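This report concerns only the one structure given below.
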Amino acid sequence: MNVNVQSVNFNADRKLIDFLQNRMDKLETFYDKVISSDVYLKVENTSSKENKIVEIKLNVPGDKFMVKKQCKSFEEAIDSSCDSLERILIKRKEKLRVQA
């Protein structure tokens with residue numbers, strides 16, 4: 001799957017990008033028709049500890065899904081976002097199976 005990563009207001013290190021790529025590749029086990037994804041990693045300038053934001057836009061044939069999570073670390077936000085996307089993709093696959 002093609003994953004486009006953009007980090008806003010900071011430079012993402014290689015380890016974080018590799019972690020993201022591995023987690024996104026696992027989504028293909030739930031729905032194999034994923035075309036591409038756009039991932040935005042943002043750091044918000046606030047005093048709270050939960051200032052890491054991950055936005056994922058997932059492109060599948062005929063649809064686009066977007067998930068946005070805010071957590072203490074990027075890894076936690078990526079995991080949470082991917083869990084949500086897994087549930088969305090499973091629902092979509094079931095919906096398509098019922099229609100067929």
Side-chain angles (χ1 to χ4, degrees):
M1 175 193 345
N2 184 19
V3 179
N4 300 319
V5 180
Q6 293 185 355
S7 53
V8 182
N9 296 335
F10 78 103
N11 291 328
D13 65 334
R14 189 81 223 146
K15 221 163 62 170
L16 180 63
I17 293 172
D18 289 342
F19 176 78
L20 175 66
Q21 182 69 49
N22 287 338
R23 198 65 175 88
M24 295 299 290
D25 286 342
K26 288 181 185 176
L27 290 177
E28 288 187 317
T29 62
F30 297 99
Y31 190 76
D32 57 351
K33 293 179 177 70
V34 177
I35 299 169
S36 66
S37 61
D38 299 318
V39 181
Y40 301 96
L41 305 172
K42 300 177 184 178
V43 177
E44 204 173 64
N45 291 332
T46 61
S47 59
S48 70
K49 292 186 184 209
E50 293 192 358
N51 65 344
K52 311 290 191 302
I53 300 172
V54 173
E55 285 183 35
I56 301 177
K57 294 179 184 173
L58 201 65
N59 299 316
V60 296
D63 224 343
K64 290 183 181 176
F65 302 117
M66 179 167 169
V67 174
K68 181 177 181 180
K69 298 289 180 183
Q70 184 169 350
C71 295
K72 292 179 185 175
S73 71
F74 282 115
E75 288 83 0
E76 185 181 355
I78 290 167
D79 271 339
S80 180
S81 298
C82 287
D83 287 344
S84 295
L85 284 171
E86 284 173 13
R87 286 193 299 277
I88 291 170
L89 292 175
I90 288 170
K91 281 183 185 177
R92 178 171 174 82
K93 195 172 186 179
E94 288 295 321
K95 193 176 181 184
L96 291 176
R97 188 178 297 154
V98 168
Q99 289 176 353

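Keep in mind that what you see is a predicted model, and the values were worked out from it rather than measured.
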TODO: Would you mind checking if K91 and E94 are paired as a salt bridge, meaning a charged N to carboxylate O distance below 4.0 Å?
DONE: no

Open item on the list: Distance check, rounded to the nearest 0.5 Å: Q6 atom CD versus D38 atom CG?
Closed with: 7.0 Å

Open item on the list: Quick check: do L16 and V5 have side-chain heavy atoms less than 4.5 Å from each other?
Closed with: no

- [ ] Tell me whether I35 is reachable from L27 by hopping between hydrophobic residues (I, L, V, M, F, W, Y) whose side-chain heavy atoms are closer than 4.5 Å.
- [x] no

Open item on the list: Tell me whether D83 is salt-bridged to R23, with the criterion being a basic N under 4.0 Å from an acidic carboxylate O.
Closed with: yes

Task: Separation of N59 CG from M66 CE (nearest 0.5 Å) - done: 12.0 Å

- [ ] May I ask you to test the K42-N9 pair for a side-chain heavy-atom distance under 4.5 Å?
- [x] no

Task: Check: E76 main-chain N/O paired with S80 side-chain donor or acceptor under 3.5 Å - done: no

Task: Ring centers of F65, Y31 separated by less than 6.0 Å - done: no

- [ ] For S7 and A12, work out which heavy atoms get closest and say how close.
- [x] OG-N, 3.6 Å

TODO: Could you tell me whether the side chain of K52 reaches within less than 4.5 Å of the side chain of V43, counting heavy atoms only?
DONE: yes

Task: Cluster overlap V67 with V54, hydrophobic side-chain contacts below 4.5 Å - done: yes

Open item on the list: Just verifying a value: how many Å separate D79 CG and L20 CG, rounded to the nearest 0.5 Å?
Closed with: 10.5 Å

TODO: For residues F30 and L85, determine if any side-chain heavy atom of one lies less than 4.5 Å from a side-chain heavy atom of the other.
DONE: no

Open item on the list: Within the 4.5 Å heavy-atom criterion, are I88 and L58 side-chain neighbours or not?
Closed with: no

- [ ] Start with the C-alpha gap between L96 and Q99, add the side-chain angles, then the distance that decides, and say whether side-chain contact (heavy atoms from CB on, under 4.5 Å) holds.
- [x] CA-CA 5 Å; L96 291 176; Q99 289 176 353; 3.9 Å; yes

Task: From CZ (F74) to CD1 (I17), nearest 0.5 Å - done: 11.0 Å

Task: Side-chain touch K69/S84, heavy atoms, less than 4.5 angstrom - done: yes

TODO: Output the distance between atom CD (E55) and atom CG (L41), rounded to the nearest 0.5 Å.
DONE: 10.0 Å

Open item on the list: Would you compute the distance between atom CD1 of I90 and atom CZ of R87 and round it to the nearest 0.5 angstrom?
Closed with: 9.0 Å

- [ ] Identify the two heavy atoms, one from E28 and one from V34, that lie closest to each other, and give their separation to 0.1 Å.
- [x] OE2-O, 4.3 Å

Task: Residue that, paired with S37, satisfies side-chain contact (heavy atoms from CB on, under 4.5 Å) out of K64, M24, K57 - done: M24

Open item on the list: Under a 3.5 Å distance rule, please check whether Q70 uses its side chain to pair with a backbone N or O of E50 as donor and acceptor.
Closed with: yes

Task: Joint hydrophobic cluster, V8 plus V39, side-chain heavy atoms closer than 4.5 Å - done: no

